[in-house]
Amino acid sequence: MAERSFKKEVEKLRLGAGETFEGEGILAVTKALLQAGVAYVGGYQGSPISHLMDVFADADPLLRELGVHFESNASEAAAGAMLAASVNYPLRGAVAWKSVVGTNVASDALSNLASGGVTGGALVIVGEDYGEGSSIMQERTHAFAMKSQMWLIDPRPNLPTIVAMVEKGFELSEASNTPVMIEMRVRSCHMTGSFVARDNRRPSMTVGEAAANPRRDVGRIVLPPAVFVHEVEKVEQRWPAAQRFVAEQRLNEWFGPAQDTIGIIVQGGLFNTLNRALELAGLSDAYGAMQVPVYCLNVTYPLIPAEVTAFCAGKSAVLILEEGQPEFIEHELNTLMRRADLQTGIVGKDIMPRAGEYTGQVLRDGVVAFLRAYAPERAPESLPAPAAEPELAKAVPGRPPGFCTGCPERPIFSAMKLVQRELGELHVSADIGCHLFSILPPFHIGNTTMGYGLGTAAASAFKPAGKRAVAMMGDGGFWHNGLTSGLGNAVFNQDETVTIVVDNGYSAATGGQDILSSRARNDTRATNHPIERAARGIGVTWARTLSRTYDVAKMRDTLREALTSPEAGPKLIVAQSECMLNKQRRERPLLAKAAKEGKRVVRERFGVDPDTCTGDHACIRLSGCPSLSIRPNPDPLRTHPVTHIDNSCVGCGNCGEVAHAAILCPSFYKARIVTNPTRWDRLKARARGAVIGWLQRRHAQGIAARAF
């Protein structure tokens, strides 16, 4: 159950020649694949191209009509290996994943693919997760492309260019017998626009036809002595062929005047931001009428020496705008200038930041600094001062990322803190997923994180430590890498690690996609394969499945048992509860509709009795739910503020469970809010109100009597 459905949008993929296609970048990519005659597609979900996989899944009926095979791969490595279908057959194939982490996972398959080369076009669509919106380490795909000699396309962010680069990417791959990577940045994935569509094409050969007519070329298999021939092929045949194709097809673009004393070379993905920076400097407008020559690299690797030297010739200086470091393009530009004996100065990281995303303000400041140094007559005299920091921003502290209201993972770490009170601090090996938020306040749990599904493997060094380490893992990470690299490794080495697998029922962190252990019925995929059964199948003997993570006391007791059990070998706790964010997305519209139709709707939420609350806030320290806050104490004799639950509460019950498990105050209460109540509901409410009112009056009278 993906968090977003594209059932309606994918109908646009049926548009034919001459019709106008409007939509997001990910839909445009899918349409381009179909127009290019792709034979198979696959990949692994992950921001920023999670929804591209959802588009593929929702478009599966159309893909089948065209004879296109879609595979929802178990990992990026599996997706990369699927491109082997293009090695011996004229099959166009495309796979997608989040980079650079996904590219790292797929590196074994990609290195082999790039070594032996391909016959059919092979396209790797990578979600380039870099900059302020990133959730991973700050690295770029460029280094991998250079290392393995795979061509890298970074399309200018507009839909016609993206579509053209996808289609030309297949042709470039076939012309040079080399797999091609195309970067889709976050903004490119979700920008909207339009382009003139072409008819979808059935693949010239389907995967079924290829399997029925097997071909074999031992020279494409990566074994000595063929690997030594592959290296020579890359340099002497494939690389020149790629450069010729890029130049002849004019995949790179030129903007602005033909002649000038200065110029700018920019990565395609940064073009729109550069135009805005030039507009702010008075050297362009919203339509891209640039007054400075700009060479836009839609293909950032390989560079085309003839194009570079032609652009730089006659200029005193050229600014290269290359995000991140090392500055690969800048280094190569300097080499090309020296080889061509051109004295054009290459200006880059000496005035531009060496690290960080090149936002509009960063590019504006860099461009102005370049102009002041090399064309002062065109530099603006002054720049608008940055907007003053709002007073609210000065007063309100930064809010770190954290668990959503009602998140079923929060009680797991509440239980862990309670166990640590008894057994002392634990080494907790964290993993990729929402549970990584446990490293932040109020839990402060988690020592390291090494990669998706690698929590248990990362804890494997602590076997001799005496105290068992705890490893975290999500259900998506379990099926991605954790079953074999984590638990399988722990069984083989008889590690003592306690692994907690957070089972949401789907891969919540990547968008709610179904996986093997999903409990939903899926018409095209096999689900309902329990995690505990898989773990026992590889030799785990101590395993427990808890079907409700909100039972903090049971979570605490089970974790304590796992940490103290005399049984040898790894321990597994499968903690099950649905992601509250996805659950609310699904249920709230249904409840709102039912209430609008006049049906009886019951919602649960929790509250805190301010007269009972002691104000020690242990509940907040052990929960951290965003709906928990504080308000002034109603008792004038007490100064500590009391705990308060605001209207964002979803009634998960975690705060009350924590209070019970930690033996805290009994100030929490549960209320049921009834919309469109029945007569019986109203009668019960009046009766309860009468009884409570009588008790309150009696209590007040007793206090008054004692006072006198």
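Since the structure is predicted, the reported quantities are computational estimates derived from the model, not experimental observations.
When every heavy atom of F6 is checked against every heavy atom of D58, the shortest pair comes out as N-OD2, 2.7 Å. Of all the heavy atoms in Y452 and I432, the pair that sits closest is N-CG1, 3.4 Å. Here the shortest heavy-atom pairing between C579 and N504 reads N-ND2, 3.7 Å.
Under the rule for a side chain to side chain donor-acceptor pair (under 3.5 Å), E587 has no partner lying at least two apart in sequence or in another chain. Checked against salt bridge (Lys or Arg N to Asp or Glu O under 4.0 Å), D646 has no partners two or more places apart in sequence or in another chain. Under the side-chain contact (heavy atoms from CB on, under 4.5 Å) criterion, P641 pairs with H617, I630, sequence neighbours left out. Applying the side-chain contact (heavy atoms from CB on, under 4.5 Å) criterion to F478, with sequence neighbours excluded, gives M473, L483, L487, V501, I531, A534. Under the rule for a side chain to side chain donor-acceptor pair (under 3.5 Å), T30 has no partner lying at least two apart in sequence or in another chain. When the side chain to side chain donor-acceptor pair (under 3.5 Å) test is applied to Q420, no partner is found at least two apart in sequence or on another chain. For R187, the side-chain contact (heavy atoms from CB on, under 4.5 Å) test picks out E357, with sequence neighbours left out. For T675, there are no side chain to side chain donor-acceptor pair (under 3.5 Å) partners at least two apart in sequence or on another chain. Contacts of D557 classified as side-chain contact (heavy atoms from CB on, under 4.5 Å), with partners at least two apart in sequence or in another chain: R560. Considering only residues two or more places apart in sequence or on other chains, E409 meets the salt bridge (Lys or Arg N to Asp or Glu O under 4.0 Å) condition with none of them.
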Give the table of side-chain donor-acceptor pairs shorter than 3.5 Å for residues 434-444, with sequence neighbours excluded, one pair per line with atom names and distance.
residue : atom : partner : partner atom : Å
H435    : NE2  : G474    : N            : 3.3
S438    : OG   : H435    : O            : 2.9
S438    : OG   : I445    : O            : 3.0

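Here the side chains of V601 and K596 are not in contact, with every heavy-atom distance at 4.5 Å or above.
Among residue pairs with one or both ends in residues 528-544, those qualifying as side-chain hydrogen bond (donor to acceptor under 3.5 Å, both in side chains) are E532-R536, E532-T545, T541-E567, R544-E561; sequence neighbours excluded.
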